[in-house]
Amino acid sequence: MGKTDTIKDRRVDVYLDSLDQKEEWTELADDADMSLSQFVQSCVEYAIAQGGPDFLETGEAAEEIQNLNERIQGQKNTLEEKDMVIEKLRTELKQHRSEPFLEENFEGKRQFDTELIEVLQETETIRSEAIFRRLNVDSQNVELIQGIESQLERLEEYGLVEETVHGWRWVR
């Protein structure tokens with residue numbers, strides 16, 4: 001009895017999840033200079049030689065991985081929401097701190113934005129637009145922009161910064 005006589009007895013049909021998966025396996029088999037049948041046989045033999053898969057363990061692990069991925073995604077969403085709230089609160093705080101600089105006849109203490117001063121001290125010269133970007137100021141927030149510009153003008157009046165053709169410069 002030759003191989004041809006036993007071909008029907010040796011046949012195993014494998015149904016893949018998609019045509020894309022079959023194409024991928026076919027390409028991998030072609031890359032290995034094997035037929036699809038030889039490729040599948042080699043992969044199965046290799047898996048068995050490695051101790052074989054424990055399908056129950058694999059299924060449980062896959063379910064656990066799926067649950068962990070869902071949990072991670074939920075945590076990412078929560079973190080993104082919290083980041084948005086934090087950014088909104090920072091913007092409100094900056095706006096609140098810049099309000100005294102917007103009032104012409106303000107009496108009392110004004111607190112300069114320490115982040116603004118750090119940006120000015122860290123750079124040789126910096127344009128106003130770059131300052132706003134570094135401070136994460138929304139270009140639509142006109143009131144906050146005016147508050148920062150007013151702070152820059154006050155710092156210039158005190159001789160701490162000067163406006164040049166290249167932008168603002170901290171006087172060292």
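In what follows, every heavy atom counts, from backbone to side chain, and hydrogens, waters and symmetry copies are set aside. Everything numeric here is computed off the predicted structure, so don't read it as measured data.
- With rounding to the nearest 0.5 Å, the separation of CD in Q111 from OG in S98 is 12.0 Å.
- Here the OG1-CG distance, from T26 to D31, works out to 11.0 Å after rounding to the nearest 0.5 Å.
- Residues S35 and A29 share a closest heavy-atom pair of O-CB, 3.8 Å.
- Follow the hydrophobic side-chain contacts under 4.5 Å out from V85 and you never reach V137; the two are in separate clusters.
- Between Y158 and F112, the two ring planes are perpendicular [angle over 60°; tilted spans 30° to 60°].
- Taken together through direct or relayed side-chain contacts under 4.5 Å among Ile, Leu, Val, Met, Phe, Trp and Tyr, L79 and M84 form parts of separate hydrophobic clusters.
- The OG1 atom of T123 lies 13.5 Å from the NE2 atom of H166; values are rounded to the nearest 0.5 Å.
- Rounding to the nearest 0.5 Å gives a distance of 8.5 Å between CG of D113 and CG of L93.
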Self-check item: Chi angles and distances behind the side-chain contact (heavy atoms from CB on, under 4.5 Å) call for W170, I117
Solution: CA-CA 8 Å; W170 185 260; I117 293 172; 3.9 Å; yes
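- Judged by distance alone, with hydrogens and angles left aside, the side-chain atoms of K94 form a donor-acceptor pair with the main-chain N or O of L135 at under 3.5 Å.
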Exercise. Go through R90 and N136 one step at a time and tell me if the side-chain contact (heavy atoms from CB on, under 4.5 Å) criterion holds.
Key: CA-CA 9 Å; R90 282 186 178 150; N136 294 320; over 6 Å; no
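- Residue pairs satisfying the salt bridge (charged side-chain N to carboxylate O under 4.0 Å, His left out) criterion with at least one member in residues 70-88, sequence neighbours excluded, are absent.
- At least one side-chain heavy atom of L102 sits less than 4.5 Å from a side-chain heavy atom of Q146.
- Taking CD from E92 and CG from L144, the interatomic distance works out to 11.5 Å, rounded to the nearest 0.5 Å.
- No side-chain heavy atom of V40 sits less than 4.5 Å from a side-chain heavy atom of V12.
- V142 and I148 fall into different hydrophobic clusters, where Ile, Leu, Val, Met, Phe, Trp and Tyr are joined by side-chain heavy atoms under 4.5 Å apart, directly or via other members.
- Within the 4.5 Å cutoff, no side-chain heavy atoms of D138 are placed close to those of T91.
- Under a 3.5 Å cut-off, the side chain of Q38 and the backbone N or O of M34 do not form any donor-acceptor pair.
- Listed by first then second residue, pairs satisfying salt bridge (charged side-chain N to carboxylate O under 4.0 Å, His left out) with a partner in residues 146-166 read R154-E157, E162-R169, not counting sequence neighbours.
- Taking CG from L155 and CZ from F101, the interatomic distance works out to 7.5 Å, rounded to the nearest 0.5 Å.
- Note on V171 and L116: separate hydrophobic clusters, where clusters join Ile, Leu, Val, Met, Phe, Trp and Tyr whose side-chain heavy atoms are under 4.5 Å apart, directly or indirectly.
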Practice problem: Let me see the working for Q73 and N77 under side chain to side chain donor-acceptor pair (under 3.5 Å), right down to the final yes or no. | Solution: CA-CA 6 Å; Q73 189 57 47; N77 292 342; 3.2 Å; yes
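- At least one side-chain heavy atom of L120 sits under 4.5 Å from a side-chain heavy atom of L152.
- Crowding of L19 atom CG: a count of heavy atoms from other residues, nucleotides or ligands under 6.0 Å not exceeding 12.
- The 12-atom threshold is exceeded at CZ of R110, counting heavy atoms of other residues, nucleotides or ligands nearer than 6.0 Å.
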